[in-house]
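Right, one structure below, let's go through it.
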Amino acid sequence: MQFSITSMSLVQQIRQAGIEAVKALYNQDIQPDQLTVNETKPEFDGDYTIVMFSLTKFTRQKPEESGKTVGDWLTGHHPDIFKKYNVVKGFLNLSISDPYYVSFLQSSLTKNTVPQVNGKKVMVEFASPNTNKPLHLGHLRNIFLGAAISNILEANGYEVIKANLVNDRGIHICKSMVAWLHYGNDVTPESSGIKGDHLVGDYYVKFNDVYKKQMEELIHSGKSKEEAEKEASILKEAQEMLLKWEQDDQETRKLWAKMNGWVYKGFEETYRRMGVSFDKMYYESETYLLGKEIVEEGLKKDIFFKKPDGSVWIDLTKEGLDEKLLLRADGTSVYMTQDLGTAQLKYDDYHIDQSIYVIGDEQNYHMKVLKLILQKLGKPYADGIEHLSYGMVELPGGRMKSREGTVVDADDLMDEMIQTAAKHTEELGKVKDFSGEELEKLYEVLGMGATKFYLLRVNPKRKMVFNPEESIDFHGFTGPFVQYTYARIRSILRKEEIQTNRPISHALLPLEKAIIIQSEKYEQALSAACIEMDPSIIANYAFETAQIFNSFYTEYSVINAESDEKKSLRLQLCHATAMAISDSMGLLGITAPERM
RNA sequence: GGUCCGGUAGCUCAGCUGGAUAGAGCAUCAGCCUUCUAAGCUGAGGGUCAUGCGUUCGAAUCGCAUCCGGAUCACCA
């Protein structure tokens with residue numbers, strides 16, 4: 001059987017050949033997952049290793065013997081792929097032929113990189129901010145994750161709809177509104193020069209200050225803490241305002257629309273700087289009443305039940321969960337009611353095959369229940385619901401606490417990272433010929449690259465520590481390191497023309513081979529990142545690619561290579577690496593600069 | 001208490017569909033810029049993979065138990 005170079009990864013091809021060998025030699029049919037193929041450890045001779053231990057039941061030979069037998073067969077029947085082999089204990093170490101590597105490299109350079117569409121439509125919901133305060137570090141992780149996974153899905157052939165469900169109503173925004181009415185003196189973003197989301201956030205803080213003071217006074221006058229919490233007049237005002245809002249009081253609605261408008265303008269500016277955009281905005285003020293029909297439906301189907309007080313529940317004790325409230329006794333919605341409705345709305349709007357929610361892991365239980373309920377209702381979209389759950393971002397001192405003022409503001413952080421990028425760039429002085437505009441652009445690319453990489457390099461489900469000192473380090477496992485590698489390559493490629501198909505007959509050096517193997521692993525990383533919903537796989541891949549290239553770069557010269565042939569080969573290696581880096585960084589929403 | 005997630009080098013993290021002597025980055029120490037960008041490279045030290053038992057030719061990886069940390073189990077969102 002001839003292998004098509006573009007359709008299978010090297011490992012897959014080796015595995016396939018191994019299966020063939022077992023069939024031919026032992027007349028046994030084995031499945032791909034029964035054959036372990038690893039990269040050979042550097043201390044042994046070879047490139048890839050087939051582990052023979054698990055095959056003893058098929059070969060009825062000692063691993064060492066069957067290793068030899070299979071090794072002979074492979075080198076005999078596929079001399080184009082397998083150059084030689086050796087067997088150590090039960091490990092069959094295979095050396096891949098250099099021409100085979102070179103053909104891999106050259107075909108990858110001319111390959112068309114447009115993803116093959118798979119016809120599936122997926123919605124990714126992320127960001128989902130409240131409108132009472134500006135975005136913070138936690139939102140950054142959420143948004144970068146959402147944007148990255150959207151890119152990854154697209155690169156895997158999905159049609160992606162990026163959605164943002166804005167929590168624009170509720171008691172929290174009323175708090176900002178009340179405080180602004182009392183203490184704002186009609187201040188606006190324009191009159192104060194303060195970004196809209198920050199201005200509204202300031203009044204949310206003001207509300208809490210006043211609330212706290214009023215509570216203290218009440219406690220001082222003899223009330224209990226619980227009483228004080230409920231009776232503080234400013235809280236009552238906020239509650240009244242929420243009520244008025246729900247009764248569609250025009251004045252309240254006007255103020256609400258005005259202040260939310262400020263916030264949206266501020267958010268848009270932040271999104272723009274992050275380089276993210278959304279295809280669809282949902283607003284809770286428009287969706288919070290949805291879901292009641294679904295509750296009716298569930299009652300009719302006897303999947304939900306009504307308690308004597310009129311409240312509606314679902315019993316999930318058989319599934320090992322609890323009873324879950326779906327509608328209050330007074331007929332008003334709870335969070336879950338809305339989410340049921342929104343899930344339906346998303347499906348009605350786009351007929352999506354999958355719906356991914358980028359939400360923190362504190363809502364794991366909620367998301368599990370949401371999916372389960374929709375499954376029980378037999379909704380066609382239920383199985384497609386996926387929770388991309390991520391852990392909290394903590395500071396070295398522990399969790400961010402607004403009361404202690406340790407919340408890291410998104411805008412501030414991005415500013416700092418960009419300033420740091422500027423500082424480093426100036427110190428190094430490599431781009432002194434850049435115009436002011438070009439410099440601004442570069443600082444932004446580097447600062448944002450550092451920030452995104454720092455937040456995306458960790459497996460999402462893990463909670464992570466944001467160390468401010470570490471994050472502004474641009475060395476090592478960082479975005480700028482990878483970006484720098486790209487700039488180095490581009491510097492070479494600007495100087496030399498590249499021929500993509502020049503025949504290469506000389507033996508590959510280990511580092512040359514390593515580059516080909518690494519660039520060949522891109523597809524694997526891309527698909528793993530999609531399946532696992534984990535952009536950190538891509539970040540790690542990009543870093544390893546850069547690492548390998550830098551070792552090669554210091555060891556060998558490209559432009560002054562030993563021969564024209566080597567020069568040609570190395571230019572191709574540069575090109576392949578540049579593509580792997582810019583593609584993988586692109587998936588993370590990071591630009592790789594031409595120079596830095 | 002139930003459920004879920006995590007515990008790998010001083011710190012931050014990879015590795016987890018079982019494979020050879022467990023890897024990076026930071027930090028520490030020692031080297032490398034008259035040659036393609038030193039935001040780089042090379043090397044050294046640093047580990048009871050939380051603990052115990054089990055499955056296996058083989059366990060950081062799988063199973064059970066225990067300990068530690070976190071989240072969640074609201075007529076909150």
Side-chain angles (χ1 to χ4, degrees), chain A residues 33 36 38 40-41 43-44 49 51-54 56 62-63 88-91 93 130 167 169-172 284 288 307 309-313 319-330 332-336 338-339 360-366 368-369 389 391-392 394 396 399 421 424-425 427-428 430-431 446 450 454 457-459 461-467 469-471 473-485 487-496 536-537 539-540 543-544 546-547 549-561 567 570 574 595-596:
Chain A
D33 59 355
T36 310
N38 297 325
T40 305
K41 295 257 167 191
E43 56 269 37
F44 298 95
T49 297
V51 181
M52 302 305 298
F53 295 102
S54 52
T56 45
K62 286 186 181 155
V88 180
K89 290 193 277 181
F91 299 97
N93 300 322
N130 290 353
N167 187 357
R169 61 164 285 280
I171 190 74
H172 51 83
E284 283 202 17
Y288 81 111
K307 287 199 176 174
D309 66 0
S311 58
V312 179
W313 298 73
E319 283 78 14
L321 305 173
D322 301 285
E323 288 185 351
K324 188 81 187 171
L325 176 81
L326 300 175
L327 205 60
R328 293 195 186 99
D330 62 7
T332 56
S333 298
V334 290
Y335 185 35
M336 186 59 80
Q338 290 180 47
D339 270 6
D361 61 8
E362 71 272 12
Q363 294 197 33
N364 284 354
Y365 180 76
H366 177 80
K368 194 172 168 184
V369 171
S389 167
M392 186 111 24
E394 295 181 356
R399 297 176 64 163
H424 287 226
T425 306
E427 279 171 5
L428 292 166
K430 293 179 182 179
V431 286
L446 295 177
Y454 188 85
R457 67 185 204 181
V458 181
N459 186 323
K461 72 181 178 192
R462 282 179 86 114
K463 77 177 179 203
M464 66 175 290
V465 176
F466 182 87
N467 184 330
E469 279 169 30
E470 191 183 88
S471 70
D473 186 1
F474 286 4
H475 304 268
F477 188 20
T478 66
F481 168 86
V482 181
Q483 291 171 314
Y484 173 69
T485 309
R488 283 177 129 184
I489 298 172
R490 289 303 308 158
S491 166
I492 294 173
L493 293 177
R494 273 195 301 276
K495 294 180 179 124
E496 295 285 341
S536 77
I537 292 172
N540 276 288
F543 174 65
E544 280 163 23
Q547 243 183 345
F549 185 84
N550 279 322
S551 294
F552 162 79
Y553 180 94
T554 27
E555 188 79 16
Y556 304 106
S557 179
V558 175
I559 289 171
N560 298 312
K567 180 168 169 179
R570 288 178 189 168
C574 286
R595 292 179 56 194
M596 64 184 273

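Just so we're clear, the structure is a prediction, and the values are computed from it rather than from any experiment. So that the names make sense, note that chain A is the first sequence line, chain B the second, and so on, each numbered from 1.
- Residue A/Q363 has its side chain nearest to B/A77 when only B/A77, B/G40, B/U21 are considered.
- In this structure, A/K368 does not reach the B/U3 phosphate: none of its side-chain N or O atoms is under 4.0 Å from OP1 or OP2.
- Atom name P, nucleotides B/C29 and B/U66: the rounded distance is 46 Å, in whole Å.
- Within the 4.0 angstrom heavy-atom criterion, only backbone atoms of the sugar-phosphate kind lie near A/V334; the bases stay farther away.
- Residue A/F53 is in base contact, counting any heavy-atom pair closer than 4.0 Å across all strands shown.
- Here the P atom of nucleotide B/U72 and the NZ atom of A/K324 are 12 Å apart, to the nearest Å.
- Among the atoms of the strands shown, none is found under 4.0 Å from any heavy atom of A/N130.
- Taking atom CG on A/L325 and atom P on B/C76, their separation rounds to 8 Å, with Å as the unit.
- A/T425 comes within 4.0 angstrom of a nucleotide base, judged by non-hydrogen atoms across all strands.
- Spacing between atom NZ of A/K461 and atom C1' of B/G7 amounts to 13 Å, rounded to whole angstrom units.
- Along RNA chain B, the nucleotide nearest to A/L321 and the one nearest to A/P480 differ in position, and the one closer to the 5' end is contacted by A/L321.
- With both ends at atom C1', the span from B/C16 to B/C33 equals 42 Å, rounded to whole Å.
- At a threshold of 4.0 angstrom between heavy atoms, the contacts of A/Y365 are confined to the sugar-phosphate backbone, with no base atom among them.
- A donor-acceptor pair shorter than 3.5 Å can be found between the side chains of A/D322 and A/Y365.
- In this structure A/K567 satisfies the side chain to side chain donor-acceptor pair (under 3.5 Å) test together with A/E496, sequence neighbours excluded.
- Rounded to a whole angstrom, the distance from the C1' atom of B/A74 to that of B/G15 is 40 Å.
- At least one side-chain nitrogen or oxygen of A/R328 sits closer than 4.0 Å to the OP1 or OP2 atom of B/C76.
- The listed nucleotides are B/A38, B/G19, B/G70; the one nearest the side chain of A/N38 is B/G19.
- Looking at A/N38 and A/T49, their side chains never bring a donor and an acceptor atom within 3.5 Å of each other.
- Within 4.0 Å (heavy atoms only), A/I489 reaches no atom of the nucleic acid at all.
- Separation of the P atoms belonging to B/A38 and B/C32 is 16 Å when rounded to the nearest angstrom.
- Here A/F44 counts as stacked on B/A20: its ring centre is under 5.5 angstrom from the base ring centre and the planes meet at under 30°.
- Listed by chain and number, the residues in a ring pair (Phe, Tyr, Trp, His ring centres under 6.0 Å) with A/F477 are A/F453, A/F543 (sequence neighbours excluded).
- In this structure a side-chain-to-backbone donor-acceptor pair under 3.5 Å is present from A/T554 to A/N550.
- At least one side-chain heavy atom of A/F549 sits under 4.5 Å from a side-chain heavy atom of A/C574.
- Rounded to whole Å, the separation between the P atoms of B/A65 and B/A9 comes to 26 Å.
- One interatomic measurement links the two molecules: CG of A/D361 to P of B/C5, which rounds to 11 Å at whole-angstrom precision.
- Using a 90° window around 0 for the glycosidic torsion, B/C41 falls outside it and is classed as anti.
- When the P atom of B/U35 is taken as reference, atom NZ of A/K495 falls 12 Å away, rounded to whole Å.
- Place A/M596 and A/A329 on RNA chain B by their nearest nucleotides, and A/M596 ends up nearer the 5' end.
- If you check the side chains of A/S536 and A/N459, you find no donor sitting under 3.5 Å from an acceptor.
- In this model, the phosphate group of B/A20 is approached by a side-chain N or O of A/K41 to a distance below 4.0 Å at OP1 or OP2.
- Relative orientation of the A/Y454 and A/F466 rings is perpendicular, given thresholds of 30° and 60° on the angle between their planes.
- Nucleic acid contact class of A/S54 (heavy atoms, under 4.0 Å, all strands): base.
- In this structure, A/F481 has its ring center at least 6.0 angstrom away from the ring center of A/Y484.
- Both cation-pi conditions hold for A/K307 and A/W313: the charged atom is under 6.0 angstrom from the six-membered ring centre and inside a 45 degree cone around its axis.
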What pairs of nitrogen or oxygen atoms, one from the protein and one from nucleotides 11-15 of chain B, lie under 3.5 Å apart?
unit_1 : atom_1 : unit_2 : atom_2 : d
B/C13  : OP1    : A/V465 : N      : 3.2
B/A14  : OP1    : A/N459 : N      : 2.9
B/A14  : OP2    : A/R462 : NE     : 3.4
B/A14  : OP2    : A/R462 : NH1    : 2.6

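- Between A/H475 and B/G40, a side-chain N or O to OP1/OP2 separation shorter than 4.0 Å is present.
- The side chain of A/Q338 approaches B/A77 more closely than any other nucleotide in the set B/A77, B/A24, B/C36.
- A stacked arrangement is not assigned to A/F481 and the six-membered base ring of B/G40, the conditions of a centre distance below 5.5 Å and an interplanar angle below 30° not being jointly met.
- Around CD of A/E469, the count of heavy atoms belonging to other residues, nucleotides or ligands within 6.0 Å does not exceed 12.
- Here A/R457 pairs with A/E470 in a salt bridge; the nearest charged N to carboxylate O distance falls below 4.0 Å.
- Residue contacts for A/N93: at a heavy-atom cut-off of 4.0 Å it reaches a base atom on one of the strands shown.
- Separation of the C1' atoms belonging to B/A24 and B/U42 is 16 Å when rounded to the nearest angstrom.
- Taking the P atom of each, B/C49 and B/A30 are spaced 31 Å apart, rounded to whole Å.
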Inset, instruction - Any chance you could encode RNA chain B as dot-bracket? Rule is Watson-Crick or G-U wobble with both distances under 3.5 Å; [ ] for pairs crossing earlier ones, | for another strand. - result: ((((((((.[[[[.)...(...]]]].(((((.......))))).....[[[[[..)....]]]]])))))))....
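- Atom C1' of nucleotide B/G18 and atom CG of A/D33 are separated by 13 Å, given to the nearest angstrom.
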Inset, instruction - Show the numbers, then the answer: is there a side chain to side chain contact (heavy atoms under 4.5 Å, CB included) between A/F552 and A/R570? - result: CA-CA 10 Å; A/F552 162 79; A/R570 288 178 189 168; 3.6 Å; yes
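- Contacts of A/R570 with the nucleic acid, taken as non-hydrogen atoms under 4.0 Å apart, are absent.
- Residue contacts shown for A/Y556 include a base, since a base heavy atom lies under 4.0 Å away.
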Inset, instruction - Can you check each nucleotide of nucleotides 27-32 of chain B against protein heavy atoms at under 4.0 Å and return B for base, S for sugar-phosphate only, - for none, in 5' to 3' order? - result: ------
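- Comparing B/G18 with B/G31, their C1' atoms are spaced 40 Å from each other, to the whole Å.
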Between the protein and nucleotides 42-45 of chain B, which nitrogen or oxygen pairs are less than 3.5 angstrom apart?
unit_1 : atom_1 : unit_2 : atom_2 : d
B/U42  : OP1    : A/S551 : OG     : 2.8

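- Using a 4.0 Å heavy-atom distance criterion, A/E496 is classed as making no nucleic acid contact.
- In this entry the distance linking CG of A/N364 with P of B/C4 reads 12 Å, nearest Å.
- A/N167 has its CG atom 12 Å from the C1' atom of B/C76, to the nearest Å.
- The backbone N or O of A/S333 sits less than 3.5 Å from a side-chain atom of A/R328, completing a donor-acceptor pair.
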Inset, instruction - Might you work through the side chain to side chain contact (heavy atoms under 4.5 Å, CB included) test for A/E394 and A/M464, ending with a clear yes or no? - result: CA-CA 6 Å; A/E394 295 181 356; A/M464 66 175 290; over 6 Å; no
